[in-house]
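What follows is a single structure, written as structure tokens, with notes after it.
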Amino acid sequence: MAVVSATSNGADENPVEIKEDKKGWLSKRTHFTHRWKRAWFQLKETLLLYGENEEKLLKPINLVGAVVEVVEGGDGSFEWTITPKDRKRTFFLRAGTIAEQQGWMEAICEAQLSSRDHATNACVVQ
């Protein structure tokens with residue numbers, strides 16, 4: 001993470017943390033067959049982009065107003081859902097570890113809160 005600060009006289013006052021875009025491999029449940037498929041994901045501002053690999057990020061998920069929830073289950077997987085505001089579809093995602101799941105959910109929460117258009121409801125990561 002880069003830290004950037006600036007004042008009119010060049011002195012450092014209250015550095016502002018600038019985070020790099022979150023990116024990496026996750027599993028996504030396919031829409032029709034409900035099978036899990038590995039996909040590359042990258043968080044860009046309030047969009048979560050995904051595709052076959054880092055060069056083919058073709059599909060966006062708008063995070064503004066989206067509902068993000070952990071999937072509770074006894075199978076030990078680290079799943080969560082994202083339901084965009086238009087509610088046409090719910091995306092099921094799976095991470096390899098609890099730490100990876102938490103990292104993605106926190107980054108998505110921060111992206112939502114950074115938007116001028118975010119809803120007034122709190123973003124809670126458990």
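Since we're looking at a predicted model, the values are computed, not measured.
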Please report the closest heavy-atom contact between Ala66 and Pro84, naming both atoms and the distance.
CB-CA, 3.8 Å
Interatomic spacing from CG in Leu93 to CG in Leu26 - rounded to 0.5 Å:
6.0 Å
Can you tell me how far apart OG1 (Thr90) and CD1 (Ile82) are? Round to the nearest 0.5 Å.
10.0 Å
Measure from the side-chain N and O atoms of Gln101 to the backbone N and O of Arg94, and report whether any donor-acceptor pair falls under 3.5 Å.
no
Residues joined to Ile98 in its hydrophobic cluster, side chain to side chain under 4.5 Å directly or through other members, sorted by chain and number, are Phe78
Separation between CG (Leu58) and CG (Asn53), nearest 0.5 Å, reads 9.0 Å
If you count every heavy atom of other residues, nucleotides or ligands that lies below 6.0 Å from Glu45 atom CD, does the total exceed 12?
no
CE/Met105 to NZ/Lys22 distance, rounded to the nearest 0.5 angstrom?
12.5 Å
Taking the side chain as every heavy atom from C-beta outward, state whether Phe91 and Lys59 have any pair of such atoms under 4.5 Å apart.
no
Is there side-chain contact between Lys88 and Asp86, with heavy atoms separated by less than 4.5 Å?
yes
Between Leu57 and Leu48, is there shared hydrophobic-cluster membership here, with clusters defined by ILVMFWY side-chain heavy atoms closer than 4.5 Å?
no
Mind checking the CD-CG spacing from Gln42 to Leu49? Nearest 0.5 Å is all I need.
6.5 Å
Would you find a donor on one side and an acceptor on the other, under 3.5 Å apart, between the side chain of Gln112 and the backbone of Leu63?
yes
Are Thr81 and Val68 side-chain neighbours, meaning at least one heavy-atom pair lies under 4.5 Å?
no
Rounded at 0.5 Å granularity, tell me how far CD in Glu72 sits from CH2 in Trp80.
14.0 Å
Can you list every ring-ring contact (aromatic ring centres under 6.0 Å, His included) pair that touches residues 38-66, not counting sequence neighbours?
Trp25-Trp40, Phe41-Tyr50
Taking all atoms of both residues into account, what is the closest heavy-atom pair of Ala111 and Ser114, and its distance?
O-OG, 2.8 Å
Please set out all donor-acceptor pairs under 3.5 angstrom arising from side-chain atoms of residues 27-34, sequence neighbours excluded.
from	atom 1	to	atom 2	distance (Å)
Thr30	OG1	Thr33	OG1	2.6
Thr30	OG1	His34	N	3.1
Thr30	OG1	Arg35	N	3.1
Thr30	OG1	Arg35	O	3.2
His31	ND1	Arg89	NE	3.2
His34	NE2	His31	O	3.3

